[in-house]
Amino acid sequence: MTQQTDAKLTSVNAVKDANDVSTETAAILGATGAADRLGSEYDEELLRKERKANSAWSKLRRNKTAMVGLVIVVIMVSLAVFAPFLTTYDYKAIDPIASYLPPRIPVIEDLGIFDGTEIKKGPEGTSTVVNPYVQKNRTDEYHIFGTDKIGRDLFSRMLYGARISLIVAFGGTIVAGAIGVILGLIAGYFGGAVDSVIMRIMDGMLSFPFILLAIILMTVLGSGLFNVILAIGIGNVPNFARVVRGEVYIVKSQEYCNAARIIGVSNIRMLFTHILPNAISPLIVYATLGIAGAIISEAALSFLGLGITEPTPSWGQILYSGKDVMNGHPYIATISGLFILITVLGFNLLGDGIRDVLDPKMKK
Amino acid sequence: MSDLQKNKTQQASPHEPLLSVKDLQTHFYTATGIAKAVDGVSFDVDAGKTLGIVGESGSGKSVTANSIIRLLPPRTGKIVGGSIRFDGKDVLAMSQKELVSLRGSDIAMIFQDPMTSLDPVFKVGHQMVEMICAHQDISKDEAKKLAISALERVGISDPVKRMNSYPYELSGGMCQRVIIAMAVCSKPKFIIADEPTTALDVTVQARVLELLKELQRDTNTLILLITHNLGVVWEMCDDVMVMYAGKTVEKAETRELYAEPMHPYTWGLLDSIPRLSDESKGLLRTIPGVPPDLRLTGTCCNFCNRCIYAQEICHKEVPPLIEVKPNHFVACHLQNGERTLVRESGDVK
Amino acid sequence: MLKTILRRVLQIIPTLLIVVTFTFILTRMIPGNPAATILGPQASAEDIAKMEIKLGLDKPIWEQYFDYIFAVLQGDFGTSYMYNQPVTDLIASRIPNTLQITLVGLLIALVIGVCIGIYSALHQYSAGDYIFMVLALVGVSMPIFWMGLMLVKFFSVDMGLLPVSGRGDANDIIDVMRHMVLPCFCLSTIPMATFARITRSSMLESIHSDSIKALRARGIKERSVVWKHALKNALPPIVTVLGLQIAGCFTGAILTESIFAWPGMGTMIVNAITNRDYMLIQGVVLFFAIVFMIVNLIVDIVYLIINPRVNYEGGGK
């Protein structure tokens, strides 16, 4: 503290001296053109601009990967949020006759693609083009992603499924983050035996292949939205706990923490006002990447028949329902898988971008 | 052909200095513009002499050094003009292969942080042997012997044991000695020392500088010493060049420069050294302000905004480097021609 | 160094105990009575009670727990209700099948992934680098179970080039290899992409480090600078990721095996869970955990060898 003040005083004095001497030349200074580019205006305006350009958000905006990711994420979240306004069919409405209608998209059907026709393979390599919309007497309907086994509109189910998948992903990450952060803070801050016990338990949890842990949790808890969130959340706790603990250890050894302790800052206050804010940037990165992982996890669990089950739609559940009809009606699994892939890609891009911006050194 | 060669070597031998840098321009291509890190720097140095380059961080001293051995970051850093001649050869015209054989054999470089100048995951001995074998056609055992004798020479006790140490097991001063020992092995004609003592303890600093001097005496080595420590310059250098924002602002023999500094920036530098003899217990003088943005220089004197003597012309024209006295060059409008500035008293009451 | 290794080995014990406890608690929490499951829906209450005694389920829970721990310490993982065979035998019979695809997949991933990473680092910002890194990002985002489905649909059903599922005729090497192509490809996708990414960033960091610059200044040949010094400096993160990917491979194996009906550990545990085969679940989970810990231990030791600084720092604490 004192050192700083001294330094400041020195520089203030120096500036004063300089000003005194240069009063004569001040007029000249003001009158010149070229100097403006290096002068006080440079110091303030350019610095301000530079500072603004170096803020996290504008760096993120210049980061192409992050922006591509953000656009994908925003689109997917909007699809989920505005599902009722974007769909014309009820996602629950059953129409057994209109089962497995292939995709039919209004504008481009004239071009001969997605026009509701299917190629049916006959015996001995023969194939015929059929149009289930005509066969099933549904010529005035347009299911842009087709329909499923019991004639529900796949587009509506994908959009409402996005809600479930994203809720699971965000929910799971929040659960994991909340528990993990608290455990990590406690372990890192108190150290010693507390740290050992918590971290050994985390190591133990990490020793299970994640999917196995989730599978067991799902069998214990039973399927259902809340349980999927819980299973994915618990499975991801160790990752967060480890990150936070590591950060706490780094921050704890820094001088200002000792200083704060000396002036009598309480433990809890220390944790939340001095240590946690420093751990925030890796946490944001891990959370973003964690959401990507959680989307895959939900899909994997549902794919094994353990996650979200009928009639609730989720991307994983739709993929599961499409896997057995892969040969006859591949569009169900293809579309749901693509949604999962693109969304996961979006979150990964965003997470990568945020990491580059917040801490270039964390790249490894 | 042979005539031409002879002619060349003859040209090279009698009067050409060992190192000659002319109007060197090194630019960095950043996302926000071109930074003129080195903007027209020239100097000649003879074998056995030491040139000190002084300036604050970002003044282009290190970039000058890296330019000479062409070790600039690929893509972003580029030498865009000027010439560098070393030992009669044009460094800028050299192929990558020639450069590799030049570095480490005829030219040795010592960096600021000795701890990061050695590869952390290989043993010291291994790295020394690797370097010796890269430049000399000798067996590994001979290289090992050479390395051990070099370590001994730089004053490392128990060199055989140290050969088997990893760099992290050595102290900073010890690492710097190892690096000097590496330089000793190949008997370089030219050593670039880029702030060789900055990261070391004061007591170790003196020893490292002494070592460099010894080495110079023994093999008539040219040393380019880059530093911001004017005390080190006084101890070591025959000539000094003061750099500011990529340009040379003053260049003279060391004694001359200390006795009669002419550029206001040099005054500032000299005034900011604490002196034991200084009886006025005033504050140290500092130079107010910060160096200019290197992307924007080139239209006026780079120092004009921090210079208390700045006049109209300083804001309009780039001052040329003029030989004011024999072998004393200054780039300052006010020192040039009829007008001469006199330094304000360094004491602040 | 030996001391550090020994300490690491000792650290495993508490973790192992926690894993055993976890598995025990979790499997006991799976709803449904295994005795009833074994005997089927027609079994009388008397029979079920007899079965419970036979299985030791009538004892207090803590007694079951200690019985289990002692048995595990003796290498006895219990007997599967479903197969009526010792769990260790079942694992022993299935593990080669799983290793067959995981090891091959991982090896492919490691070799190709690291090569791509080095290429990308050496040609940073080139078109090749750009394409590889986009592919790698798609790779890490890939739901491999979906990719497996698409591969089967395209290569097996539509093109008829490769078999749909199963292991093939064990006596016919070509047939076995044809059966392995898709599962291995599936398994290697995520590790390959991860290796490529980590190798690139780690190599870039080491290439741009001061010590590499100093090596160049010392006139070391570029080939040696890149392939000896930069690569060795870049190895630690790659080894760490290798350890994580070996563990991740088992997750991949569970999904991959269930797509391709590959008779390995993955299909076995999924079956065991649906049939509430306590002992088998416990055994397999424990086995995975032990394998994982051993892998981690090996990774840590390799880490010590390739990165002497860790040893120093560890010793200093």
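In this structure, chain A has heavy atoms under 4.5 Å from both the backbone and the side chain of Val19(C). Interface remark: Leu149(C) contributes backbone and side-chain atoms alike to the contact with chain A (heavy atom separation under 4.5 Å). Heavy-atom distances place the side chain of Arg197(C), and not its backbone, under 4.5 Å from chain A. Contact annotation for Met142(C): both backbone and side-chain heavy atoms come within less than 4.5 Å of a heavy atom of chain A. In this structure, chain C has no heavy atom under 4.5 Å from any part of Met202(A). Both the backbone and the side chain of Leu338(A) come within less than 4.5 Å of a heavy atom in chain C. In this structure, chain C has heavy atoms under 4.5 Å from both the backbone and the side chain of Ala299(A). In this structure, chain A has a heavy atom under 4.5 Å from the side chain of Ile259(C), while its backbone stays farther away. In this structure, chain C has heavy atoms under 4.5 Å from both the backbone and the side chain of Leu349(A). Using a 4.5 Å cut-off between heavy atoms, Thr343(A) does not touch chain C at all.
The ring pair (Phe, Tyr, Trp, His ring centres under 6.0 Å) check on Phe145(A) picks up Phe155(A), Phe339(A), with sequence neighbours excluded.
No donor-acceptor pair under 3.5 Å is formed between the side chain of Trp146(C) and the backbone N or O of Leu319(A).
Across all their heavy atoms, Pro143(C) and Ile340(A) have their closest contact at CG-CG2, 3.6 Å. Of all heavy-atom pairs spanning Gly204(A) and Ile18(C), the tightest one is CA-CG2, 4.4 Å. Of all the heavy atoms in Ile296(A) and Ser141(C), the pair that sits closest is CD1-O, 3.6 Å. The two residues Leu137(C) and Asp352(A) have their closest heavy-atom pair at CD1-OD2, 3.5 Å.
Between the CG atom in Leu17(C) and the CZ atom in Arg200(A) there is a gap of 12.5 Å [rounded to 0.5 Å].
Put simply, the side chain of Val152(C) does not reach to within 4.5 Å of the side chain of Met326(A), judged on heavy atoms. Side-chain atoms of Leu304(A) and Phe145(C), non-hydrogen and from C-beta on, never get closer than 4.5 Å to each other.
Contact count versus chain A (heavy atoms, under 4.5 Å) is highest, among Cys249(C), Ala289(C), Ala253(C), for Ala289(C).
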